[in-house]
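Structure first, commentary second.
Protein chains get the first letters and strands the later ones, always in sequence-line order, with residue 1 at the start of each. Since this is a predicted model, take the numbers as computed values, not measurements.
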Amino acid sequence: MNNRDYARVLQEIAQLMEISGENRFKIRAFENATRTVETLPEELEAVMDRGDLKELKGIGASIAQDLLQIRQHGTCDIHRSLLERLDPGLLDMLRVQGLGPKRIKLVYHELGVSNLDALKEAAESGRLRELKGLGAKTEEKVLAEIERLARGGDRTPLPQARHVAESLRDQLAALPQTERIAIAGSIRRGRETIGDVDLLVSSMDPAPIHQTFCGLTEVKEVLVSGDTKTSVRLHNGIQVDLRTVKDEVFGSALHYFTGSKEHHIELRTRAKRQGLRVSEYGVFRDDEDTPIASHTEEELYQALGLPYIPPELREGRGEIESAARHELPVLLQPDQIRGDGHMHTTETDGRHSIEEMALAARDLGYEFIVITDHSQAVRVANGMTPERFREHMARIREADGRVEGIRILTGIEVDILKDGTLDMDHDLLAEADWVVGSIHSHFNQAPDQMTERLLRGMRTGLLSCLGHPTGRILGGRDGYRYDFDAIVEACVELGVALELNGSSGRLDLNAELAEKAHRQGAMLVLGSDAHSTAGLHDLSFAVQQARRAGLPAEAILNTLPVDAFLKATRPDL
DNA sequence: GCCGTTTTCGGCCCGACTGTTTTCAGTCG
């Protein structure tokens, strides 16, 4: 079993406990343990083997026992007894916004409704409104929610959500009443999928802003509307919350709306012990109404005796303790990026020429880029034959000589074929400055076969890095299965870097695996995988994932000057 | 169920909005 399997059982326990009305702190304990397991940078079973389960944050004697039972039986006593009393279909009902554990329990006990289909029927036939506290409007909302869930997931990939958020932000920023505006929530923290978009605006006169917001063409319906908060659903299904505050509390409000919930709970618990109170309106001394900090996030942390904690680390995973000990990692900064290691041109499936890509990258302030078009196995992308690759490299060198102010390196994204051979003549690969090795076919090989395939590709000594190393598509397919630890180990040994691919829909490696690879000593390289000049901006998603992984600049090859970048994986150069 | 800068028991964040209510429970973030 992998960590996700353990996390799923723990989460089901927490959710079923909610519905059964367990003590809410006990529920939180299971939620915390779920998150710890989910984001653990190593295999939980390795921790078990060492007998170190109780060392993990949020896991005590009781949950440690549960986990050991889960390892043996796939379930544990408490999980089993909850499932005997409740129906697993109820878990789906928790995804319906506006329906919480109390109402689900009510509906279950009074109407025997135990899954989404039955819930839909109960709402359609007007039986929900017969229950205390529920009315016609609730029925209507429940039906709309069920339809939304049926249309496809409740979370949106980060890149898509951020593009939407930036467009809305720019429209509201143009209003004369807007003083400061920011995208908050999980987009700011860089979570790879987003539940909803949070926008924060400071203004002395918020009413027109809420009014304009409700009337934007993207908006399909207004869900909630008050003096300081408006929630809407866009035509694309994404929910957007807008909060307005006075400018003097912008910092504390931004902190609050950035989250995460877990970070807040820990921070506020800690503040309470210091005789302080934290809310979106600032940090307060007990029994006082004037905040001692509210203007900026830096002030807020300072008032609590902590250094600034970057949004990407605010997940309640021990960052507050690390901050208190002044042991937070110094995270990679966007302006430390000197180059982009992965992009395509019109030679294969890109939309812009070598020169156009280079000029756009130069405008972004880069010192170098690598042109990495596809090899011939990727037919749909018009992959290059050896002849075409040879000519393409010549054109890249020619462009490098012509375009001022940026180095353009020769490279390729070569397919690692089914049997581990590389889809290109080795002498041409040896000639290239940078070789990304990727898998684009036969995703469903058995894990040991896939591991062997990757190892064989790497042992050619020709790969600079592994491109999108897991192959997962956000909200789409899972990655291919293989022995990740063995591959990382080989990467370290053979001097092959692992890519952190920032292209929309991938974010691969994810933050957890990137952290794991880094801990094991592997080099990481960021790539936008751009297929157009606009796509170069996707490198910022890779930067954000690297930050979530707690990576410093030294861990990232893109922060090196171009010569050092090249030598990192090719000591012979 | 977890945890410790009030430490092995007693506490565990805080505020806004809605719908169904006659003052508030439930939900959300």
Side-chain angles (χ1 to χ4, degrees), chain A residues 10 13-14 17-18 21-36 53-67 78 94-107 128-142 145 154 184-186 189 191 194-200 210 222-231 239-245 249 252-253 255-284 304-306 316 318 320-321 324-325:
Chain A
L10 292 177
I13 293 171
M17 278 180 163
E18 272 202 277
E22 264 289 354
N23 174 297
R24 64 198 175 103
F25 301 112
K26 195 166 159 182
I27 296 166
R28 187 187 295 164
F30 277 92
E31 285 172 347
N32 288 339
T34 302
R35 293 182 50 76
T36 294
L53 273 184
K54 284 195 280 182
E55 304 298 312
L56 299 178
K57 190 174 145 71
I59 295 181
S62 172
I63 293 183
Q65 277 307 312
D66 294 338
L67 288 169
I78 184 160
L94 276 173
R95 291 160 62 208
V96 175
Q97 291 230 27
L99 216 54
K102 300 250 167 55
R103 284 174 180 169
I104 289 174
K105 188 183 183 184
L106 183 72
V107 170
L128 285 189
R129 72 182 72 176
E130 291 164 9
L131 300 177
K132 199 174 127 212
L134 300 180
K137 218 154 184 176
T138 310
E139 281 179 347
E140 214 174 283
K141 282 197 159 184
V142 163
E145 271 293 295
D154 25 2
S186 45
R189 300 201 312 278
R191 273 202 64 174
I194 302 301
D196 55 25
V197 171
D198 292 293
L199 291 171
L200 177 69
H210 287 278
V222 178
L223 304 172
V224 166
S225 186
D227 293 340
T228 65
K229 176 181 173 177
T230 297
S231 290
Q239 181 179 326
V240 186
D241 298 337
L242 168 70
R243 288 291 298 256
T244 49
V245 296
V249 300
S252 48
H255 180 264
Y256 172 66
F257 293 113
T258 297
S260 65
K261 189 175 103 183
E262 291 77 13
H263 181 76
H264 285 309
I265 291 174
E266 271 191 48
L267 200 68
R268 290 171 179 198
T269 305
R270 184 188 144 91
K272 228 173 159 175
R273 283 199 297 267
Q274 300 169 314
L276 300 168
R277 190 174 89 241
V278 182
S279 77
E280 56 259 58
Y281 300 110
V283 180
F284 300 83
L304 298 171
L306 293 170
I320 294 171
E321 295 152 41
R325 291 196 304 267

Starting from P on B:dG1, measure out to CG on A:Leu67 and report it in whole angstrom. 13 Å

Between A:Ser279 and B:dC13, is there a contact of a side-chain N or O with OP1 or OP2 at under 4.0 Å? no

Using the P atom as the reference point in each nucleotide, state the distance between B:dT6 and B:dC2 in Å, no decimals. 23 Å

Interatomic distance at C1', B:dT21 relative to B:dC17, whole Å: 15 Å

Considering only residues two or more places apart or on different chains, which pairs with a residue in residues 23-32 of chain A satisfy salt bridge (charged side-chain N to carboxylate O under 4.0 Å, His left out)? A:Glu22-A:Lys26

Going by the salt bridge (charged side-chain N to carboxylate O under 4.0 Å, His left out) test, which pairs reach into residues 271-281 of chain A, not counting sequence neighbours? A:Arg243-A:Glu280

By side chain to side chain contact (heavy atoms under 4.5 Å, CB included), which residues pair with A:Thr138, not counting sequence neighbours? A:Leu134, A:Val142

Please enumerate all residues that pass salt bridge (charged side-chain N to carboxylate O under 4.0 Å, His left out) together with A:Glu321, with sequence neighbours excluded. A:Lys57

Spacing of the C1' atoms in B:dT20 and B:dC13 (rounded, Å): 27 Å

Applying side chain to side chain contact (heavy atoms under 4.5 Å, CB included), name anything that partners A:His263, two or more places apart in sequence or on another chain. A:His255, A:Ser260, A:Leu267, A:Tyr301, A:Ile309, A:Arg314, A:Glu319, A:Ile320

At under 4.0 Å, does any side-chain N or O of A:Thr269 touch on OP1 or OP2 of B:dC13? yes

Sort me out a list of protein N/O and nucleotides 3-6 of chain B N/O pairs below 3.5 Å, or just none if empty.
from  : atom 1 : to      : atom 2 : distance (Å)
B:dC3 : OP1    : A:Gly58 : N      : 2.7

Mark up nucleotides 23-29 of chain B, 5' to 3', with B wherever a protein heavy atom is under 4.0 angstrom from a base atom, S wherever such an atom reaches only the sugar-phosphate, and - elsewhere. ---SSSB

A:Ala29: side chain to side chain contact (heavy atoms under 4.5 Å, CB included) partners, not counting sequence neighbours: none

The criterion is side chain to side chain contact (heavy atoms under 4.5 Å, CB included); which residues satisfy it with A:Asp66, sequence neighbours excluded? A:Phe30, A:Ser62, A:Ile63, A:Cys76, A:Ile78

May I ask you to test the A:Thr258-A:Arg189 pair for a side-chain heavy-atom distance under 4.5 Å? yes

